[in-house]
Structure formats: structure tokens, C-alpha cells
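The structure under discussion appears below in the form of C-alpha cells.
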Amino acid sequence: MIIAIDGPAASGKGTVAKRIAAHYGLPHLDTGALYRAVARDTVARGDDLTDPAVAAAAAGHLDVDTLDDPALRTAGVGEAASIVARHGEVRAVLLEYQRRFAKNPAGAVIDGRDIGTVICPDADVKLFVTASSEERAHRRYLELRESGIRISEDEVLADIRNRDARDRTREASPLRQAEDAALLDTTNLDIDAAFRAAIDLIEAAMGQAGQAG
Ligand code: CDP
């Protein structure tokens with residue numbers, strides 16, 4: 001079973017994806033970490049994030065054993081990731097790794113921006129997880145404060161709006177809800193409620209597929 005989960009920054013998709021993967025005993029891939037790692041490596045090489053060729057070269061040399069590097073979680077790396085993510089050349093290199101991951105015989109839970117639309121258009125279940133930009137900024141602000149980063153909530157909101165705009169308007173694989181994705185709005189849901197709502201949507205989608213087949 002392949003479960004594709006897309007949505008904007010701080011919508012809760014990552015946490016929900018992790019819990020869904022644990023629930024069904026499936027491997028989980030956070031594809032945002034791939035773009036974050038490419039941005040980290042491009043900057044570390046002293047290269048220009050806006051240059052598609054050098055960013056694609058960094059994607060080609062990516063060491064996937066470094067995806068849990070805590071340095072990837074900073075706001076600066078998230079911003080840099082959305083710059084390298086605009087390049088079709090970078091996306092093409094990362095697409096292969098993501099498709100290989102999805103071929104796992106038992107299936108996989110994969111979260112990102114274009115999983116239901118481009119990476120796994122035939123996924124068994126697609127969820128589009130979202131929340132108001134104010135609520136997402138509030139969550140990200142609390143996360144950053146927790147990790148000792150001093151930034152105002154207004155600045156976080158501005159960053160989130162900026163990144164949403166970049167992700168939604170880019171030419172290569174923009175963020176959008178797939179036509180056959182179920183919408184999960186987590187604005188008024190805590191993480192347990194969001195997880196339960198996601199499971200309900202997945203079970204409903206699987207039930208429908210079972211009836212159709
Ligand atoms: O955790 P958060 O939602 O803030 O970000 P992320 O999922 O780690 O993604 C960071 C950036 O990578 C996004 O703003 C996108 O520009 C890019 N990305 C993408 O283009 N396609 C994906 N499948 C995943 C992330």
C-alpha cells in the first residue's frame with residue numbers, strides 16, 4: 001500500500017505521515033529532507049542555490065544516510081530548500097530515489113509537495129494535509145522557540161507565506177492537491193485528532209477501492 005501525503009509547510013503532514021507509517025508498519029520517506037539536504041550541500045560547497053546545474057550535481061552526490069541531520073531542520077535550510085526545489089534538474093535526480101523507495105514490496109508512506117501528483121500518481125491513498133497560514137506559523141514558531149531559536153511569530157508567518165507562494169507558483173511540480181486526494185484540514189486539530197482523522201480517511205479510501213475491485 002502506497003500512501004502519498006502532500007501539503008504546505010508546518011501543516012502537520014510530517015508528524016501524521018510518521019505515525020501512519022508506524023501504524024501500518026510501513027517505511028516512511030520525508031522527501032522535504034532530500035531537498036533540505038541538497039540545499040545544505042550546495043551551500044557547504046560554496047555554490048549558488050539558484051544555479052540548476054550545481055544544485056543538480058549536489059543532488060547526484062547526495063548521501064541519504066545524512067537525512068536525519070538536525071542541521072536540516074532550521075528555517076534557513078527550509079528557505080534554501082525551496083530555492084533548489086524550483087529546479088527541474090534537481091527534481092529529476094531526486095525523482096529516481098523517491099520512485100525506488102516507493103517500490104518497497106509492502107508499500108510506503110511518502111510525504112512532500114508532489115507525491116500524489118508526480119512521484120506516485122497511482123498511490124493507493126492520497127491525502128492533502130493543510131491548515132491556515134496563521135496556525136501553521138504558530139506551530140512552527142513554537143517548534144523553533146523550543147529548539148532555542150529566537151524569532152518573532154510575525155517573521156515566521158512571513159517566511160511561511162513566502163515559501164508557500166514559491167512552492168505553489170513554481171513551474172516544476174508545484175504544490176497542489178491531486179484531484180483524487182482527500183483533504184485534511186488540521187487547523188483545529190491537535191496531533192492525535194489529526195492522526196485519527198487521517199486513519200479514517202485512509203480506511204474509507206481503502207474500503208472504496210475494495211468495493212470497486
Ligand atoms: O517541514 P516543512 O513542511 O517546512 O518543509 P519540508 O517538507 O521539509 O520541505 C522543504 C522545502 O522543500 C519545501 O518548501 C519545498 O520547496 C521543497 N519540497 C519540494 O519541492 N518537494 C517535495 N516533495 C518536498 C519538499
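Note that the numbering runs from 1 along the sequence shown for the chain. Only heavy atoms go into these numbers, but all of them, side chains included; no hydrogens, no water, no symmetry mates. Remember, it's 1-based here, ligands and their atoms both numbered in the order they're listed.
- Among all protein heavy atoms, the one lying closest to atom 16 (O) of ligand 1 is Asp167 OD1, 2.6 Å.
- Between the SG atom of Cys120 and the CD1 atom of Ile3 there is a distance of 11.5 Å, given to the nearest 0.5 Å.
- Interface of Gly32 with ligand 1, defined as ligand atoms under 4.0 Å from a residue heavy atom, comprises 6 (P), 7 (O), 8 (O), 9 (O), 24 (C), 25 (C).
- Ligand 1 lies out of reach of Glu79, whose nearest heavy atom is not under 4.0 Å from it.
- A donor atom on one side chain and an acceptor atom on the other are found under 3.5 Å apart for Thr66 and Arg40.
- Any N or O atom pair closer than 3.5 Å counts here, and Arg140 shares at least one such pair with ligand 1.
- Taking any N or O of Lys13, backbone or side chain, at least one lies under 3.5 Å from an N or O belonging to ligand 1.
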Start with the C-alpha distance between Arg166 and Glu79, add both sets of side-chain angles, then the distance that settles salt bridge (Lys or Arg N to Asp or Glu O under 4.0 Å), and finish with yes or no. CA-CA 10 Å; Arg166 197 179 281 145; Glu79 183 69 18; 3.1 Å; yes
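- Among Ala33, Ala85, Pro8, the residue whose heavy atom sits closest to atom 17 (C) of ligand 1 is Ala85.
- Applying the side chain to side chain contact (heavy atoms under 4.5 Å, CB included) test between Asp159 and each of Asp154, Asp164, Ile151 identifies Ile151 as the sole match.
- Ligand 1 lies out of reach of Arg86, whose nearest heavy atom is not under 4.0 Å from it.
- Closest to atom 7 (O) of ligand 1 among all protein heavy atoms lies Arg113 NH1, 3.0 Å.
- In this structure, the protein non-hydrogen atom closest to atom 10 (C) of ligand 1 is Arg163 NH1, 3.5 Å.
- Of all protein heavy atoms, the one closest to atom 24 (C) of ligand 1 is Thr31 OG1, 3.4 Å.
- Put simply, part of Arg91 is less than 4.0 Å from ligand 1, judged by heavy atoms.
- Note that the CG atom of Asp200 and the CZ atom of Phe195 stand 10.0 Å from one another [nearest 0.5 Å].
- Short contacts between ligand 1 and Ser82, defined as distances under 4.0 Å to a heavy atom of the residue, involve ligand atoms 14 (O), 16 (O).
- For the residue pair Ser132 / Glu135, no side-chain donor-acceptor distance below 3.5 Å is found, with atom types taken as modelled.
- Heavy-atom neighbours of Asn188 CG from other residues, nucleotides or ligands within 6.0 Å: at or below the threshold of 12.
- Looking at Tyr35 and Arg91, their side chains do bring a donor and an acceptor atom within 3.5 Å of each other.
- Counting atoms of ligand 1 from 1 in the listed order, those under 4.0 Å from a heavy atom of Gly112 are 23 (N), 24 (C).
- Residue Ala10 places a heavy atom less than 4.0 Å from ligand 1.
- Close contacts of ligand 1 with Arg73, meaning ligand atoms under 4.0 Å from a residue heavy atom, involve 1 (O), 8 (O).
- In this model, no donor atom of one side chain and acceptor atom of the other lie less than 3.5 Å apart for His87 and Asp51.
- Residue-level proximity to ligand 1 for Arg170 is carried by the side chain, the only part with a heavy atom below 4.0 angstrom.
- Taking atom 12 (O) of ligand 1 as the reference point, the nearest protein heavy-atom neighbour is Tyr35 CB, 3.6 Å.
- Side-chain contact of Thr186 with Arg139: a donor-acceptor pair under 3.5 Å is present, judged by distance alone.
- Contacts between Arg36 and ligand 1 below 4.0 angstrom, taking non-hydrogen atoms only, involve the side chain exclusively.
- Summarising the geometry, atom CE belonging to Met1 is positioned 9.0 Å from atom CD1 belonging to Ile20; distances are rounded to the nearest 0.5 Å.
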